[in-house]
Amino acid sequence: MEFDENKEREKRKDEHVQLALLDDRLPPSHFDHLTFVHHSLPNIGWSDINLHVVLPDLDLKSPLYINAMTGGSEKTGKINAELAIIAKATGIAMGVGSQHAGLRNESLADTYRIVRRNNPEGTIFANVGADVLLDFALNAIEMLEANALQIHLNAPQELIMPEGERDFTGWLSQIEKIIKHVKIPVIVKEVGFGMSRNTLRLLKEIGVQYVDISGRGGTNFIGIENRRREKQEYDYLRGWGQTTPISLLEAQEYMNDMMIFASGGIRNPLDAVKCLSLGAKAIGLASPILRVLQNEGTERAIEELINWHEQMKTICTMLGARNMEELCAFPLVITGEVREWCEMRGID
Ligand code: FNR
């Protein structure tokens, strides 16, 4: 029985990677409703730009990081090994996918550990669900000698997943327990459904400092899990959740008290800079990196990340923003659906 469960879990991990690479996007993107105002006198040079991010207990050479994706099967272990090489070559931080498979079955732990082996000095995020016991979370950190722990919130995914969880009672108190005991930053993250003011308020009240709002617009786990079902009857729910721009606008009142990271449907360096100007401290990329890695290989993925970082600097130069603090002061014009959302929700 346990053997079957393990096989089932490994199959699921492989399917997630496969299905995430099918184009699941819902155009158009809400990022297109945010526009910078061009300024003709930037008065700085490209070499003045510094995108180094220094946060409490977390030092990031680039605001970009490879977000949590995978591990837990032979194939995905190989993907993790390559992602770690990419992270090492570019000096950016990276997360692994949920470590539950490796924590339950020692023979799969190496599909995660390889990330530390391939990048001994790198910044690595461990990853567990919000239902785990404290010991499990501590073991996940130890498995990777992790620099931060991500706790994912994925209720819609579980509900559409045929074999998924159906009871989400107690997540908040479980997170509270974990953050009280864990000595490294704990990043509470969504998986592509975004967050609301109310979610952020509850997280702040229990002492959460780091959040990745991971919004809708990129990888869509309702779409992915729906495709894994015999009868694909949940397609109509693919628009569920807040997009990344809307989640960042919902987060505005928490920008000074919490470290808010952005991810979900970041298509290009301009989307990334828009997130930074809305106050995000770092930008997570999952499927864009996976896609380049799987289709074009490790070297091209390294090149792609270096290009993103350099092009973000180019955009900062056009804006005349030397660093993250200056970038935050750049107003974006908000139009269309995003503007309507802000008006309806009373967000200035
Ligand atoms: C994910 N994501 C994810 N997140 C998490 O916290 N734990 C996990 O195990 C996984 N697994 C996973 C598998 C695959 C194949 C993908 C593509 C993604 C979610 C990921 O970290 C991120 O929040 C979303 O993918 C949104 O970002 P993108 O893909 O739109 O850049």
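In listed order, ligands and their atoms are each counted from 1.
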Exercise. Which option out of I66, I266, V191 puts a heavy atom nearest to atom 24 (C) of ligand 1?
Worked result: V191
Problem set entry | Parallel, tilted or perpendicular: ring planes of F261 versus Y210, cut at 30 and 60 degrees | perpendicular
Exercise. Does E163 pair with R9 as a salt bridge, N-O distance under 4.0 Å?
Worked result: no
Exercise. Within less than 4.0 angstrom of ligand 1, does E190 place any heavy atom?
Worked result: yes
Problem set entry | Heavy-atom nearest neighbour of atom 14 (C) of ligand 1 within options H152, M69, Q99 | M69
Seminar exercise, completed: Numbered in order shown, the ligand 1 atoms found under 4.0 Å of a heavy atom of P288 are 31 (O)
Problem set entry | Ligand-side contact atoms (ligand 1) for residue partner G218, heavy atom cut-off under 4.0 Å | 30 (O)
Exercise. Quick one: does H16 get within less than 4.0 Å of ligand 1, heavy atoms only?
Worked result: yes
Problem set entry | Per-atom contacts of ligand 1 with G97, taking only distances under 4.0 Å to non-hydrogen atoms | 8 (C), 9 (O)
Exercise. Which is closest to atom 21 (O) of ligand 1 by heavy-atom distance: G264, A68, G129?
Worked result: A68
For this session: Heavy-atom distances under 4.0 Å are what count here, so tell me which part of T219 touches ligand 1: side chain, backbone, both or neither.
Result: both
For this session: Identify, by atom number and element, the atoms of ligand 1 in contact range of N127, meaning under 4.0 Å from any of its heavy atoms.
Result: 5 (C), 6 (O), 7 (N)
Exercise. Can you list the atoms of ligand 1 that are under 4.0 Å from a heavy atom of S98?
Worked result: 7 (N), 8 (C), 9 (O)
Exercise. Does a donor on one side chain sit under 3.5 Å from an acceptor on the other, for S247 and T244?
Worked result: no
Problem set entry | Pairing residues for D32 by the side chain to side chain donor-acceptor pair (under 3.5 Å) criterion, not counting sequence neighbours | R267
Problem set entry | Side-chain ion pair, E225 and R229, N-O less than 4.0 Å | no
Exercise. Under 3.5 Å, is there a donor-acceptor pair between the H30 and E337 side chains?
Worked result: yes
Problem set entry | Check: N307/Q311 side-chain N/O donor and acceptor closer than 3.5 Å | no
Exercise. Using a distance-only test with no angle check, is there a side-chain donor-acceptor pair under 3.5 angstrom linking D212 and S263?
Worked result: yes
Exercise. Between K189 and ligand 1, which part of the residue brings a heavy atom under 4.0 Å of the ligand: side chain, backbone, both or neither?
Worked result: side chain
Exercise. Is any NZ, NE, NH1 or NH2 atom of the basic residue among D110 and R113 found under 4.0 Å from an Asp or Glu carboxylate oxygen of the other?
Worked result: yes
Problem set entry | Closest candidate by heavy atom, reference atom 30 (O) of ligand 1, pool G284, A286, G265, G215 | G265
Problem set entry | Region of S287 engaging ligand 1 - heavy atom pairs below 4.0 Å | both
For this session: Describe, in one word, how the ring planes of F168 and W171 are oriented to each other, choosing from parallel (under 30°), tilted (30 to 60°) and perpendicular (over 60°).
Result: perpendicular
Problem set entry | A20 neighbourhood, listing ligand 1 atoms whose heavy-atom distance to it stays under 4.0 Å | 15 (C), 17 (C)
Problem set entry | S214 and ligand 1 - part of the residue with a heavy-atom distance under 4.0 Å | side chain
